[in-house]
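In this text, all values refer to a predicted model and were calculated from it rather than measured experimentally.
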Amino acid sequence: SLEGTEGVDSTTRRSNTLIMLELNQKFEPFQDERVRQAIAYAIDRQAIVDGTMQGKATGQGNFISKGIGQPTPPEPVTYDPEKARQLLAEAGYADGLEFPLYITVSRPGPYAEQIAVLLEQQLRDVGITADINSVASASEFEERKTAGEYEAWLGANTPILPNPWYQMQLDHHGTQAFQNYKGFSDPTFDAMLDELRLIPSGPERDAKITEAHEYLMTAVPYAPIFDSQNLVAVGSGVDINSVRLYTPYGPLVREIVPVC
């Protein structure tokens with residue numbers, strides 16, 4: 001870590017990268033939203049943030065990154081293993097559920113295996129067995145994910161356009177989403193997004209965004225885990241406040257101001 005290094009100033013900045021557990025709905029158990037809800041309730045996000053991420057992330061129980069300007073989000077899904085067990089029993093999986101969990105270091109990052117190990121432990125506590133499969137080749141991982149061959153995998157989404165409609169459209173529209181590899185398809189939700197596309201900024205649009213977000217809280221197309229943070233570090237001769245996040249992919253230094 002660069003924190004505390006002599007001659008270096010560092011800080012963290014909010015990111016709009018959301019890390020999630022993707023659940024392929026071609027896999028029969030994940031077609032039941034109660035199973036998806038159970039998995040979301042089984043995740044102890046704070047344990048992952050404090051452990052694997054060493055505090056350099058923000059637990060996320062909603063479906064729009066906190067790094068994206070948006071109306072007040074709905075109440076997030078929180079860690080509730082008893083609720084998870086109840087939902088699994090209602091869905092017919094009181095005796096347990098098993099599926100492979102695929103990861104690769106290229107996305108969401110080198111911490112993927114550590115996250116997966118904690119998820120495996122947390123899911124096992126509610127009766128779910130997640131068998132971790134590490135894929136060394138990033139190209140193979142992406143190819144098989146895109147083809148819908150994985151039942152579940154760790155994913156990351158950094159929308160190039162920091163807009164709540166765009167993030168929901170990008171991830172979840174049944175026919176128009178660019179990266180809906182999990183196969184989530186809900187005509188009611190698609191209609192909400194189609195309507196939102198045409199509504200200008202203002203109170204009406206905010207209300208429709210909130211309505212769509214609340215819908216996702218029940219539909220649970222995937223299990224959100226955390227929003228990542230960007231580490232910014234500069235030499236002590238540079239004003240760290242002059243560093244701006246220009247794109248979602250990394251910091252762009254502009255108008256560098258020497259410290260006087």
Side-chain angles (χ1 to χ4, degrees), residues 17-61 63 77-81 83-85 87-88 91 93-158 171 179-184 220-229:
T17 297
L18 195 157
I19 310 301
M20 74 287 284
L21 175 58
E22 299 265 24
L23 305 169
N24 189 344
Q25 284 149 57
K26 292 179 182 177
F27 182 50
E28 184 177 351
F30 296 157
Q31 293 171 10
D32 191 325
E33 68 180 23
R34 293 172 297 184
V35 173
R36 305 195 300 271
Q37 291 168 359
I39 291 172
Y41 278 115
I43 298 174
D44 186 346
R45 293 159 181 81
Q46 197 59 49
I48 294 172
V49 167
D50 293 341
T52 298
M53 303 308 295
Q54 300 180 45
K56 301 298 189 294
T58 306
Q60 176 61 281
F63 294 90
V77 62
T78 57
Y79 177 51
D80 189 339
K83 180 70 171 177
R85 295 185 194 98
L87 286 164
L88 286 171
Y93 296 98
D95 294 331
L97 170 66
E98 184 172 2
F99 59 84
L101 168 57
Y102 291 89
I103 61 171
T104 186
V105 296
S106 65
R107 193 172 187 180
Y111 42 77
E113 184 173 1
Q114 294 171 285
I115 295 173
V117 168
L118 284 178
L119 284 175
E120 186 272 334
Q121 295 169 355
Q122 294 169 6
L123 293 172
R124 185 174 63 229
D125 183 53
V126 302
I128 298 173
T129 300
D131 301 312
I132 300 172
N133 290 261
S134 182
V135 181
S137 168
S139 59
E140 177 190 349
F141 182 89
E142 289 298 317
E143 181 179 349
R144 295 184 63 189
K145 178 189 76 176
T146 303
E149 296 180 17
Y150 293 152
E151 290 86 346
W153 65 93
L154 278 181
N157 179 12
T158 308
D171 271 357
Q179 54 187 42
N180 184 12
Y181 305 123
K182 61 192 174 297
F184 177 72
V220 189
Y222 54 50
I225 303 175
F226 63 81
D227 286 334
S228 64
Q229 295 177 2

Steps toward side-chain contact (heavy atoms from CB on, under 4.5 Å) verdict (Met53, Tyr111): CA-CA 8 Å; Met53 303 308 295; Tyr111 42 77; 3.9 Å; yes

Donor-acceptor side-chain pairing of Asp32 and Tyr93 below 3.5 angstrom: no

Asp227-Gln60 side chain donor-acceptor pair, cut-off 3.5 Å: yes

Between Tyr150 and Tyr181, ring centroids under 6.0 Å: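 No; Tyr181 has its ring centre 6.0 Å or more from that of Tyr150.
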
Stepwise side-chain contact (heavy atoms from CB on, under 4.5 Å) check, Leu154 with Ile225: CA-CA 10 Å; Leu154 278 181; Ile225 303 175; 3.9 Å; yes

Shortest non-hydrogen separation from Leu118 to Ala47 and the atoms involved: CD1-O, 4.1 Å

Student check: side-chain heavy atoms of Leu21 and Ile115 closer than 4.5 Å: no

About how many Å separate [atom2] of [Y] and [atom1] of [X], when rounded to the nearest 0.5 Å?
| X | Y | atom1 | atom2 | answer |
| --- | --- | --- | --- | --- |
| Gln114 | Ile48 | CD | CD1 | 11.0 Å |
| Phe63 | Asn157 | CZ | CG | 13.0 Å |
| Arg85 | Asp80 | CZ | CG | 9.0 Å |
| Met20 | Ile43 | CE | CD1 | 11.5 Å |
| Thr129 | Leu101 | OG1 | CG | 12.0 Å |

Are there over 12 heavy-atom neighbours, none belonging to [X], within less than 6.0 Å of that residue's [atom1]?
| X | atom1 | value |
| --- | --- | --- |
| Gln54 | CD | no |
| Glu113 | CD | no |
| Glu143 | CD | no |

Audit row: Asp171, Tyr222, side-chain contact (heavy atoms from CB on, under 4.5 Å) steps and yes/no: CA-CA 10 Å; Asp171 271 357; Tyr222 54 50; 3.1 Å; yes

Donor-acceptor pair, side chain of Glu22 and main chain of Lys182, under 3.5 angstrom: no

Any donor-acceptor pair under 3.5 Å from Gln25 side chain to Gln31 backbone: no

CA sep, side-chain torsions, deciding dist, call: Glu98, Ile128, side-chain contact (heavy atoms from CB on, under 4.5 Å): CA-CA 6 Å; Glu98 184 172 2; Ile128 298 173; over 6 Å; no

Name of the residue among Val135, Asn24, Ile103, Thr104 meeting side chain to side chain contact (heavy atoms under 4.5 Å, CB included) with Trp153: Asn24

Parallel, tilted or perpendicular, as decided by the 30° and 60° cut-offs, for the rings of Phe99 and Phe30: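 Geometry flag for Phe99 against Phe30: perpendicular rings.
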
